[in-house]
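Some notes on the structure that comes next.
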Amino acid sequence: MSKSWAGRTGAAGQVGQAVRIGRPGRLTGAALAAALLAGAATACGSNGAGADGVGAVAGRAGAPSTASPTPSATPEPFSALGYRGLKPGMTKDTALASGALEAAPVSLVNGCTDFAYRGGPAPDPVRMAAEEALQAKYVQANARNEAARKETEVFPAPPASYSAKDVKSFTDRMAAFQEKSKARQEAHEQLMKVFDELKAAREARDLAFLTTGRAGFGLEGLRELVAPAGARTAEGIGAGATVAELKAAYDAQGLQLGKDGKYTLWAGIGQVEQGWRYEFTVDAERVTGLALANRDTYCS
């Protein structure tokens, strides 16, 4: 299969070419939307962090207690250096073996495989069925479009002479070419409709795991790490931070607002060259989501 749909996007997060996905099948846009929204409702939840430990020192017998709490452990920052043992470039098998993730995938949209953090939401059967049907629908639409494209690669050669026979031959070939061009246009339009459904599926998936987080894997291993709601960067930015705080923390480091409405920031020395960047989802002037992603890698 060719590398296409969910592969490359630029710094602005625009969709690149399509990935190859799934098995044959169909699902209407309305049914898909209903299924995905149902999955989003059931998958949303919180992935709570453990309580801070408190220690005490016992005093001498008969003396007043001098108990005092030990300092709280510093929360692990969400960064390109790793989070919960997961790091850029890690393979899916290595990540699953670490125990940081649930064993069963929770999403297959676009040909990527997503897992929830340990203790996160269980796979939703409605969501998974909808995504598999959409993948199959994409395979069919993409195959039809590719076949139609090949049929129109060579334009009919002009007539060898102005004889009636050659002119008629050319006229017949042009008529056949026009029919093939029409079929190619129809196939392309159908593929664009599937692209829109894929976009809706991604948005529903993102919404479902916005607070619980997830890890997404493609051909080259980990390609997206979405932070749970309580996670923060080393500068203290995460869900709930204001856009003003986000800008104060990262404007000087090259924070940019993309066409998709997300703020992005290259993830630091060594990661910039590898395509890794932070993505901050915002709504009503507040950060609602935080992710580390490499949009220059392919899902499948």
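- Contact annotation: the side chain of Val287 never approaches that of Thr281 to less than 4.5 Å [non-hydrogen atoms, C-beta and beyond].
- The two atoms that bring Tyr117 and Arg214 nearest to each other are CE1-N, 3.6 Å, heavy atoms only.
- In this structure the side chain of Leu81 never reaches within 4.5 angstrom of the side chain of Lys87, judged on heavy atoms.
- In this structure, Val226 is not a member of the same hydrophobic cluster as Leu222, with clusters built from ILVMFWY side-chain heavy atoms closer than 4.5 Å.
- Glu279 is not listed as a side-chain neighbour of Leu290, based on a closest heavy-atom distance of 4.5 Å or more.
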Quiz prompt | Working for salt bridge (charged side-chain N to carboxylate O under 4.0 Å, His left out), residues Lys168 and Asp172 | solution = CA-CA 6 Å; Lys168 184 179 185 305; Asp172 291 344; 3.0 Å; yes
Exercise. Take Glu151 and Arg184, measure what salt bridge (charged side-chain N to carboxylate O under 4.0 Å, His left out) needs, and give me the verdict at the end.
Key: CA-CA 8 Å; Glu151 288 289 322; Arg184 179 180 179 181; over 6 Å; no
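- At a threshold of 4.5 Å between non-hydrogen side-chain atoms, the residues Leu255 and Phe280 count as touching.
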Quiz prompt | Worked check of salt bridge (charged side-chain N to carboxylate O under 4.0 Å, His left out) between Lys137 and Glu197 | solution = CA-CA 10 Å; Lys137 186 176 181 179; Glu197 293 183 51; 2.7 Å; yes
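- Smallest separation of non-hydrogen atoms from Leu265 and Gly254: CD1-C, 3.9 Å.
- Between the side chain of Glu245 and the backbone N or O of Thr242, at least one donor-acceptor pair lies under 3.5 Å.
- In this structure, the separation between CG on Leu86 and CZ on Phe78 is 9.5 Å, given to the nearest 0.5 Å.
- Using a 4.5 Å heavy-atom threshold, the side chains of Leu292 and Trp276 count as touching.
- Under the 4.5 Å side-chain criterion, counting only non-hydrogen atoms from C-beta, Met174 is in contact with Phe155.
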Quiz item: Arg149 and Glu146: salt bridge (charged side-chain N to carboxylate O under 4.0 Å, His left out), yes or no, with the steps?
Solution: CA-CA 5 Å; Arg149 182 190 65 79; Glu146 185 65 13; 2.5 Å; yes
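- To the nearest 0.5 angstrom, Glu235 atom CD is 9.5 Å from Ser79 atom OG.
- Rounding to the nearest 0.5 Å gives a distance of 11.0 Å between OG of Ser98 and CG of Asp93.
- Listed here is the closest heavy atom pair of Ala80 and Pro88: O-CD, 3.1 Å.
- Of the residues listed (Lys182, His188, Glu189), the one engaging Gln185 in a side-chain hydrogen bond (donor to acceptor under 3.5 Å, both in side chains) is Glu189, and it is the only one.
- In terms of heavy atoms, Arg127 sits closest to Ala204 at NH2-O, 3.8 Å.
- Across all their heavy atoms, Asn145 and Leu191 have their closest contact at ND2-CD2, 3.7 Å.
- Counting all heavy atoms, side chain and backbone alike, Arg173 lies closest to Ala157 at NH1-O, 3.0 Å.
- Aromatic rings of Tyr278 and Tyr263 (six-membered ring for Trp) have centroids beyond the 6.0 Å cut-off, not under it.
- Arg277 places no side-chain N or O within 3.5 Å of a backbone atom of Ala267 that could act as its donor or acceptor partner.
- Distance OH/Tyr83 to OG1/Thr233: 11.5 Å, rounded to 0.5 Å.
- In this structure, the side chain of Thr152 does not engage the main chain of Lys180 through any donor-acceptor pair within 3.5 Å.
- Defined by atom type and a distance below 3.5 Å, a donor-acceptor pair is present between the side-chain atoms of Glu131 and Ser107.
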Practice problem: Applying side-chain hydrogen bond (donor to acceptor under 3.5 Å, both in side chains), run through Asp166 and Ser161 and close with a yes or a no. | Solution: CA-CA 6 Å; Asp166 286 344; Ser161 70; 2.6 Å; yes
